[in-house]
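In this text the structure is predicted, and so the values were computed from the model without any measurement.
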Amino acid sequence: MPYLAIVTALALLEYMGIGFLVGSARGKYGIKAPATSGHPVFERTFRVHQNTLEQLIIFVPSLWLFGTYVSAVWGALIGLVFIVGRVVYVRGYVADPEKRGPGFGIGFLANLVLLVGGLIGALMVLLSASAA
């Protein structure tokens, strides 16, 4: 399972990096904590950070379910696709919210494959155990 652990750590480092971008934008645009609005670029950066947290809630358990019940290697590769999708999402959304679609789509599809694949894999294990 080291592949899954590495991808999990990379996703969390990515999230921390986005948090750093929020802090930088806060300083650059003079947005004092705890404010979450002010300059449009800060607001978009803040939203990207929050959206990424929302996706991580689905991603991390789905990654481990898929890795446990289907394939750790394939799970890690699909996990890397999710991470790349978040990079595309960050760049698109911060530049122009209309450009967030491709990154969102990449991440959503990766999460969907991991979650549905993990569920099917777990069900297959359960069914084969009860048939034995």
Side-chain angles (χ1 to χ4, degrees):
M1 300 289 174
Y3 296 119
L4 301 178
I6 291 167
V7 171
T8 301
L10 290 173
L12 296 175
L13 285 169
E14 179 179 55
Y15 179 70
M16 290 174 69
I18 297 168
F20 180 78
L21 293 176
V22 172
S24 295
R26 188 177 287 283
K28 182 176 181 179
Y29 299 109
I31 312 297
K32 298 207 183 285
T36 57
S37 62
H39 192 278
V41 173
F42 166 76
E43 291 175 13
R44 292 193 300 264
T45 306
F46 181 80
R47 283 304 315 148
V48 162
H49 192 240
Q50 295 303 305
N51 294 146
T52 300
L53 178 61
E54 293 163 6
Q55 292 301 307
L56 282 173
I57 292 169
I58 299 165
F59 173 70
V60 172
S62 298
L63 173 69
W64 283 88
L65 285 168
F66 190 97
T68 300
Y69 292 107
V70 180
S71 166
V73 172
W74 279 105
L77 290 171
I78 297 166
L80 290 173
V81 170
F82 171 84
I83 291 169
V84 169
R86 294 317 292 176
V87 170
V88 173
Y89 180 80
V90 169
R91 296 178 120 200
Y93 198 138
V94 171
D96 176 2
E98 297 293 320
K99 295 180 180 177
R100 72 188 187 277
F104 175 82
I106 293 166
F108 178 82
L109 286 174
N111 268 344
L112 185 64
V113 169
L114 291 170
L115 181 57
V116 172
L119 176 61
I120 291 170
L123 288 170
M124 302 268 295
V125 169
L126 180 66
L127 291 173
S128 69
S130 59

Peer 1: Before you tell me yes or no, could you show the steps for M124 and I120 under side-chain contact (heavy atoms from CB on, under 4.5 Å), namely the whole-Å CA-CA distance, both residues' side-chain angles and the distance that decides it to 0.1 Å?
Peer 2: CA-CA 6 Å; M124 302 268 295; I120 291 170; 4.0 Å; yes
Peer 1: For the atom pair CD1 (I58) and CG (L63), what is the distance rounded to the nearest 0.5 Å?
Peer 2: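 Going from the CD1 atom of I58 to the CG atom of L63 covers 13.5 Å.
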Peer 1: Hey, could you give me the CZ/OG1 distance between F42 and T36, rounded to the nearest 0.5 Å?
Peer 2: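 These two atoms lie 6.5 Å from each other.
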Peer 1: Honestly curious: do L10 and V87 fall in one hydrophobic cluster under the side-chain, below-4.5 Å linking rule?
Peer 2: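 No; V87 is not reachable from L10 via cluster members.
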Peer 1: Minimum heavy-atom separation for I31 to H39, with atom names?
Peer 2: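 Closest heavy-atom pair between I31 and H39: CD1-N, 3.6 Å.
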Peer 1: Which residues pass the salt bridge (Lys or Arg N to Asp or Glu O under 4.0 Å) test with E54, sequence neighbours left out?
Peer 2: R47
Peer 1: Where do R26 and P34 come nearest, in terms of heavy atoms and distance?
Peer 2: NH1-C, 4.4 Å
Peer 1: Is it the case that the side chain of E14 and the backbone of R86 share a donor-acceptor pair, with hydrogens and angles ignored and the cut-off at 3.5 Å?
Peer 2: no
Peer 1: Minimum heavy-atom separation for V81 and I106, please, with both atom names.
Peer 2: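 Where V81 meets I106 most closely, the heavy atoms are O-CG2, 3.5 Å.
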Peer 1: Got a second to check how far I18's CD1 is from L13's CG, nearest 0.5 Å?
Peer 2: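 That separation rounds to 11.0 Å.
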Peer 1: According to a hydrophobic-cluster definition based on side-chain heavy atoms being under 4.5 Å apart (Ile, Leu, Val, Met, Phe, Trp, Tyr only), do V113 and W64 belong together?
Peer 2: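 Yes, because V113 and W64 connect within a single hydrophobic cluster, where side-chain heavy atoms sit under 4.5 Å apart.
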Peer 1: Do V48 and V84 sit in the same hydrophobic cluster, where Ile, Leu, Val, Met, Phe, Trp and Tyr count as joined when their side-chain heavy atoms come under 4.5 Å apart?
Peer 2: no
Peer 1: Can the positive tip of R100 be found less than 6.0 Å from the middle of the six-membered ring of Y89, inside 45° of the ring normal?
Peer 2: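 Output no; distance or angle outside limits.
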Peer 1: Drop me the distance from L109's CG to I78's CD1, to the nearest 0.5 angstrom.
Peer 2: 11.0 Å
Peer 1: Can you find a pair of side-chain heavy atoms, one from L77 and one from Y3, that are under 4.5 Å apart?
Peer 2: no
Peer 1: Honestly curious: do L112 and V7 fall in one hydrophobic cluster under the side-chain, below-4.5 Å linking rule?
Peer 2: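 Different clusters: L112 never reaches V7 through Ile, Leu, Val, Met, Phe, Trp or Tyr contacts under 4.5 Å.
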Peer 1: Could you grab the distance from atom CG of L56 to atom OG1 of T8, nearest 0.5 Å is fine?
Peer 2: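 OG1 of T8 is found 9.5 Å from CG of L56.
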Peer 1: Any heavy-atom pair between the side chains of V70 and W74 that's under 4.5 Å?
Peer 2: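 When only atoms from C-beta onward are counted, V70 and W74 do not touch, as no gap falls below 4.5 Å.
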Peer 1: List the atom of L4, the atom of G75, and the distance in Å for their closest heavy-atom pair.
Peer 2: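 Result for this residue pair: CD2-C, 4.2 Å.
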Peer 1: Closest heavy-atom contact between M1 and A72?
Peer 2: SD-CB, 4.3 Å
Peer 1: Please report the shortest heavy-atom distance between A122 and Y69, naming the atom on each side.
Peer 2: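 So the two residues come closest at N-CB, 3.6 Å.
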Peer 1: Hey, do the aromatic rings of F82 and F59 have their centres closer than 6.0 Å?
Peer 2: yes
Peer 1: Quick one: does T68's side chain have a donor or acceptor within less than 3.5 Å of a partner on L65's backbone?
Peer 2: no
Peer 1: Would you say the side chain of V90 lies within less than 4.5 Å of the side chain of L21, judging by non-hydrogen atoms?
Peer 2: yes
Peer 1: Determine whether more than 12 heavy atoms belonging to other residues, nucleotides or ligands lie under 6.0 Å from atom OH of Y29.
Peer 2: yes
Peer 1: Give, for atom CZ of F66 and atom CG of L119, the distance between the pair rounded to the nearest 0.5 Å.
Peer 2: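 Output value for this atom pair is 12.0 Å.
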Peer 1: Within a reach of under 6.0 Å around OH of Y15, are more than 12 heavy atoms found that belong to other residues, nucleotides or ligands?
Peer 2: yes
Peer 1: Applying the 4.5 Å side-chain criterion to the ILVMFWY set and letting contacts propagate, would V94 and L53 be lumped into a single cluster?
Peer 2: no
